There are 2 protein chains.
Amino acid sequence: MIKVLVVDDDFMVARIHRGFVDRVDGFEVVGTANTGDQAVAALGELSPDLVLLDLYLPDIFGLDLIARLRAVQPDVDILVITAAREADAVRGAVRQGVVNYLLKPFGFEDLRARLREYARRRASVPDQVTSQADVDRVLAPARQLVNRLPKGLSQETADLVTAALRAAPDNLSAAECAEKVGISRVSARRYLEFFAAQGQAEVSLRYGTTGRPERRYTWRT
Amino acid sequence: MIKVLVVDDDFMVARIHRGFVDRVDGFEVVGTANTGDQAVAALGELSPDLVLLDLYLPDIFGLDLIARLRAVQPDVDILVITAAREADAVRGAVRQGVVNYLLKPFGFEDLRARLREYARRRASVPDQVTSQADVDRVLAPARQLVNRLPKGLSQETADLVTAALRAAPDNLSAAECAEKVGISRVSARRYLEFFAAQGQAEVSLRYGTTGRPERRYTWRT
DNA sequence: GTGGTTGAGTTCATTGTGGTCACAGGCGGA
DNA sequence: TCCGCCTGTGACCACAATGAACTCAACCAC
């Protein structure tokens with residue numbers, strides 16, 4: 001369970017956020033705070049893994065609060081949830097290493113997608129990095145979210161491919177998936193690779209046959 | 001011109017980095033520092049845009065220095081350049097919002113690519129974000145992910161081989177590793193020799209058996 | 001020493017998939 | 001209708017892994 005502290009000056013909003021977070025599998029809210037001072041105190045007491053932080057607080061600006069939070073608990077992660085649209089706010093948040101920056105207003109699905117991405121990234125950090133490629137993987141994966149597909153991919157085809165992947169008993173190669181869906185191998189591969197890059201699909205190599213090894217894709221539960 | 005401060009405890013290394021940075025268009029080194037204290041002082045004096053930071057400094061650990069640097073100049077960006085491969089170091093750096101994390105040793109092209117990406121990202125931040133999509137664009141770094149492996153080797157197989165090596169209680173021969181991973185002896189040896197050449201694996205010879213001596217590989221902690 | 005045996009290192013042609021490219025067909029706006 | 005953009009495709013290399021064949025270094029019997 002990932003422990004979450006919700007910080008928002010508006011009592012009702014904090015309550016809504018709490019409800020949202022509790023509905024996401026693997027997350028639980030351990031406390032809420034309405035001011036910067038309360039947040040610092042709650043952090044010391046509850047030691048959460050993640051703080052949902054609104055930037056507009058009565059006693060301190062959210063970005064300035066982050067340093068104080070980190071002073072108490074250096075390894076705490078921050079997810080900013082705010083209506084602040086100034087470029088400086090976003091830049092400053094990124095510079096402080098927030099895991100995400102979600103604009104109000106937002107729906108439950110928006111928050112869930114961000115939380116899931118955070119959980120996935122959190123779990124996928126290797127114990128030790130060996131190559132620059134490992135490091136890049138840790139740095140990079142704040143990719144485009146599921147909502148928006150990159151140019152060249154359509155939602156309809158994406159749905160077909162995911163359906164085929166889920167229906168497969170174990171895993172599929174690009175060619176097999178292409179045949180099942182009824183599209184070309186090139187297109188199937190494009191979608192499958194995209195899902196793999198997103199972390200929604202897992203890729204494994206099958207060796208043993210002569211020739212280049214085959215990439216086999218599995219849907220991630 | 002993006003002003004850069006180079007921080008490295010080794011005078012010669014700092015000089016080399018300085019030379020690298022000065023060769024990249026749009027960047028200029030405004031100073032170098034060899035200790036944490038020097039870095040803080042130089043920051044206050046020179047107000048650079050970016051700090052190239054080694055984590056191993058004589059007076060302070062680099063990650064702890066970042067907070068001190070930010071206290072002097074909150075909007076300074078950090079690019080970590082270090083040999084530190086511990087997961088905690090990478091995680092901690094990401095949590096503090098470093099713009100990149102480059103493993104030593106590296107070549108000029110490696111650094112140039114990272115600096116260019118930084119410059120591009122820096123220039124492309126809009127004055128004001130209007131939608132969540134804008135925010136996501138700022139959060140999501142470029143998908144460069146250049147494969148640092150030489151031709152003939154794939155990332156997936158490399159991961160499998162390293163995993164097998166790490167899981168081994170003491171050490172592995174090429175044939176044993178091949179069987180564990182499920183690839184051929186030839187392929188296993190190719191990867192193992194690559195890791196040995198990189199210094200990530202150590203190789204020892206086992207005599208005593210009839211036949212040619214056996215090369216046994218150990219993962220380097 | 002010397003030559004034979006042994007098992008691992010090394011080379012290389014083969015192979016079937018991976019990945020890329022320019023184009024086709026379709027849709028929508030001018 | 002023409003034009004431009006988007007999505008999917010056939011065709012064409014590039015490529016990673018393979019296994020057979022070869023080379024090599026240590027051991028062993030003489």
Side-chain angles (χ1 to χ4, degrees), chain A residues 131 133 144 147-165 168 171-198 201-218, chain B residues 133 143-165 168 171-198 201-218:
Chain A
S131 66
Q144 294 275 329
N147 317 356
R148 229 184 143 80
L149 291 158
K151 293 292 172 201
L153 279 69
S154 73
Q155 188 62 54
E156 290 79 7
T157 313
D159 291 343
L160 288 174
V161 173
T162 54
L165 245 191
N171 55 20
L172 285 178
S173 73
E176 289 165 2
C177 179
E179 197 186 355
K180 273 184 191 285
V181 175
I183 57 178
S184 75
R185 186 180 61 90
V186 178
S187 300
R189 205 190 64 80
R190 189 181 297 147
Y191 285 87
L192 290 169
E193 279 301 316
F194 169 70
F195 292 137
Q198 291 280 322
E202 214 164 331
V203 61
S204 61
L205 268 56
R206 187 169 68 174
Y207 307 91
T209 61
T210 61
R212 193 173 170 151
E214 193 181 45
R215 296 171 77 84
R216 302 197 66 84
Y217 303 84
T218 315
Chain B
R143 58 190 61 211
Q144 35 163 3
L145 206 63
V146 188
N147 211 339
R148 296 266 167 246
L149 290 163
K151 294 288 173 203
L153 280 68
S154 73
Q155 185 62 54
E156 287 81 4
T157 311
D159 290 342
L160 288 174
V161 172
T162 54
L165 245 193
N171 55 21
L172 284 179
S173 72
E176 289 164 1
C177 180
E179 196 187 356
K180 273 183 191 285
V181 175
I183 58 177
S184 75
R185 186 174 60 92
V186 176
S187 300
R189 217 192 66 80
R190 188 183 298 143
Y191 285 87
L192 290 168
E193 278 302 317
F194 168 70
F195 292 136
Q198 290 278 316
E202 218 163 327
V203 60
S204 59
L205 267 56
R206 187 169 69 173
Y207 304 89
T209 62
T210 64
R212 192 172 172 156
E214 193 182 44
R215 295 170 75 84
R216 301 197 66 84
Y217 303 85
T218 316

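Chain identifiers are assigned alphabetically (A, B, ...) following the order of the sequence lines, protein sequences preceding nucleic acid strands; residue numbering begins at 1 within each chain. What you see below is based on every heavy atom in this structure, not just the backbone, and it leaves out hydrogens, waters and symmetry mates. Everything numeric in this text was worked out from a predicted model, so none of it was measured.
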Taking [atom1] from [X] and [atom2] from [N], how many angstroms apart are they, rounded to a whole number?
X        : N      : atom1 : atom2 : result
B:Leu172 : C:dA8  : CG    : P     : 14 Å
A:Tyr207 : C:dG18 : OH    : P     : 13 Å
B:Glu193 : C:dA8  : CD    : P     : 15 Å
A:Arg189 : D:dA14 : CZ    : P     : 16 Å
B:Tyr191 : D:dC15 : OH    : P     : 14 Å
A:Ile183 : C:dG25 : CD1   : P     : 19 Å
B:Arg212 : C:dG9  : CZ    : P     : 7 Å
B:Glu156 : D:dC15 : CD    : P     : 16 Å

Q) Between atom CD of A:Glu214 and atom CG of A:Leu205, what is the distance when rounded to the nearest 0.5 Å? A) 9.0 Å
**Q.** side-chain N/O A:Thr209 vs D:dT18 OP1/OP2, d < 4.0 Å
**A.** no
Q.
Taking only side-chain N and O atoms of B:Ser184, does any of them lie within less than 4.0 angstrom of OP1 or OP2 on D:dT18?
A. yes
Q | Distance-only donor-acceptor test, B:Arg185 side-chain atoms vs C:dG7 base atoms, 3.5 Å | A |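 Side chain to base: no pair below 3.5 Å.
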Closest to the [X] side chain: [options]?
X        : options                : answer
A:Val186 : D:dA17, C:dT20, C:dT17 : C:dT20
A:Leu205 : C:dA8, C:dT15, D:dA17  : D:dA17
A:Ser187 : C:dG18, D:dT9, C:dA8   : D:dT9
A:Arg190 : D:dA17, D:dC15, D:dG8  : D:dG8

Q.
Does B:Arg215 reach a base, just sugar-phosphate, or nothing at all? Heavy atoms under 4.0 Å.
A.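 Contact class for B:Arg215: sugar-phosphate only.
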(Q) Taking side-chain contact (heavy atoms from CB on, under 4.5 Å) as the criterion, tell me which of B:Leu165, B:Leu192, B:Asn171 meets it with B:Cys177. (A)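 For B:Cys177, the side-chain contact (heavy atoms from CB on, under 4.5 Å) check succeeds only for B:Leu192.
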Q. Are B:Thr157 and A:Tyr207 close enough that a side-chain donor and a side-chain acceptor fall under 3.5 Å?
A.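 Yes.
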Q: State which residues pass salt bridge (Lys or Arg N to Asp or Glu O under 4.0 Å) with B:Arg189; sequence neighbours excluded, sorted by chain then number.
A: B:Glu193
(Q) Around atom CD of B:Glu179, are there more than 12 heavy atoms from other residues, nucleotides or ligands closer than 6.0 Å? (A)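 No, because the 6.0 Å sphere around CD of B:Glu179 holds 12 heavy atoms or fewer from other groups.
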Q) Closest heavy-atom contact between B:Gly152 and B:Arg190? A) O-NH1, 3.9 Å
Q: Taking all heavy atoms of B:Leu172 and all of B:Ala164, pick out the closest pair and write down the distance.
A: CD1-O, 3.8 Å
(Q) Does anything in residues 173-181 of chain A come within less than 4.0 Å of DNA chain C? Heavy atoms only, and list the residues if so. (A) none
